[in-house]
> 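Structure below; questions to follow.
Order of listing sets the numbers, starting from 1, for every ligand and every atom in it. The structure displayed is predicted, hence computed values, not measured ones. Numbering starts at 1 and runs along the sequence shown. Only this structure's heavy atoms are used, side chains among them; waters, hydrogens and symmetry mates stay out.
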Amino acid sequence: MIRWTRRNWLVSLALAAAGQSIIVNAGQVRPKKRELDREKGSRPRKLALEDYEPKSMLHVTETTVPRARFPVIDFHTHLSWSGRRGQVAEAHNNATPQEVLPIMDRKNVRMMVNLTGGYGGVLEQTINYWQKPHPDRFLVFTEPWFGKITEPGFPQFQADQIARARQMGAGGLKVLKTLGLYLRERITSGPLVKIDDQRFDPMWEAAGAHRMPVAIHTSDPEAFFLPTDRFNERYEELSAHPDWSFHGKDFPSNRELQEARNRVMTRHPKTQFVVLHVGDAENLPYVSELLDRHPNMHVETGARIGELGRQPRASRKFFDKYQDRILFGTDAVPRGDDTPQQVFGERLYEIYYRFLETEDEYFDYAPAAKPPQGRWRIYGIGLPEKILRKVYFENAERLLGLKS
Ligand SMILES: [Zn+2]
């Protein structure tokens with residue numbers, strides 16, 4: 001008996017179209033050998049996944065949104081990093097204000113929050129470079145002095161650094177995923193330091209006392225915790241950045257990391273936390289649960305419209321329900337070419353605006369030839385003006401204590 005699988009059926013159709021017959025044996029459909037050989041000759045060569053750049057044939061609306069409908073506060077950018085020159089710590093700027101400001105003006109970006117301002121002398125340099133000359137356009141956050149964790153008295157020292165940073169003009173505290181995934185008891189060796197380690201309690205409290213929101217990046221996409229194999233939906237991204245994989249070794253699970261951060265939010269109810277990258281953008285039901293449970297929690301969108309935009313109906317409901325707790329952010333890095341979804345520039349902002357403001361369908365989430373985070377495209381969620389205003393600037397303005 002022939003089992004008419006879809007494959008058999010397609011083969012028979014193709015042969016019939018070519019005026020050829022098929023041999024039917026018990027249990028299978030097989031083209032004649034001669035026909036098979038002919039077919040082989042015309043078969044296209046194997047195509048490597050990395051070379052595949054399919055162009056969508058959909059005839060759909062393409063809206064260009066050159067300017068945001070309301071002035072934007074980009075809550076998540078990296079205009080500088082902490083670096084070193086020899087033994088001396090030094091701010092490394094990824095661009096100059098003169099390069100960045102005209103793009104901001106054209107895209108209706110009123111302010112960029114530079115999260116990675118560092119601490120101590122580097123923080124001071126960064127504030128002097130970006131914020132002092134343009135106080136209404138750039139705001140700099142400070143970061144914890146993790147290198148001092150081995151020293152006695154660190155908890156109070158770090159709390160005092162927060163007060164000092166505030167005095168210098170820092171707008172908040174940024175905590176990278178370093179906490180939970182990289183920082184160890186002897187900095188680079190020993191057991192990983194947990195996010196809810198009590199040595200940080202005075203720091204979280206100080207941030208609250210000085211009205212500095214904490215922008216915290218915890219964990220990473222769920223696929224980063226799975227083997228980089230053919231089932232991994234971020235296979236190409238992890239292949240391009242093997243060091244982004246947290247599969248195996250002594251890494252905690254994504255959920256353990258998230259739960260440790262949740263305990264911090266519970267312990268410090270007067271401190272406002274902005275959970276970066278939507279927390280766990282693949283799992284909006286979980287993030288919703290957390291927002292319900294933690295009134296001091298907010299989320300930010302940086303580098304996650306690829307996730308939000310591939311579940312547009314769930315995202316639209318999420319934005320509706322939590323419209324007072326979502327902040328616009330891009331995670332933009334000037335010249336950040338190895339993360340195409342974050343390269344600062346006009347195209348990046350246009351994609352975010354298109355996602356938030358239009359109902360366009362099936363478009364790229366990154367300014368790149370291939371979708372860099374995963375092989376999918378996104379759909380706009382067409383937010384109404386009231387929500388757009390909140391997400392673009394009102395929520396950030398309130399948290400940062402800015403007055404328009
Ligand atoms: Zn970032």
> For Y353, is the NZ or CZ atom of R69 found under 6.0 angstrom from the centre of its six-membered ring and inside 45 degrees of the ring axis?
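Checked: cation-pi criterion not met.
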> Between F154 and W145, does the ring centroid distance fall short of 6.0 Å?
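No.
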> Hey, what's the ring geometry for F246 with F225, parallel, tilted or perpendicular (30° and 60° as the breaks)?
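Tilted.
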> Has H78 got an N, O or S atom lying less than 2.8 Å from the Zn ion (ligand 1)?
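It does; at least one qualifying atom falls short of 2.8 Å.
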> From the N, O or S atoms in D331, identify the one nearest to the Zn ion (ligand 1).
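Going by distance to the Zn ion (ligand 1), the closest N, O or S atom in D331 is OD1.
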> At a threshold of 2.8 Å, where the distance has to be below it, does the Zn ion (ligand 1) have an N, O or S atom of H76 nearby?
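Under 2.8 Å: H76 contacts the Zn ion (ligand 1) through an N, O or S atom.
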> Taking the six-membered ring for Trp and the full ring for Phe, Tyr or His, determine whether the centres of F75 and F328 are under 6.0 Å apart.
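So the answer is no for these two rings.
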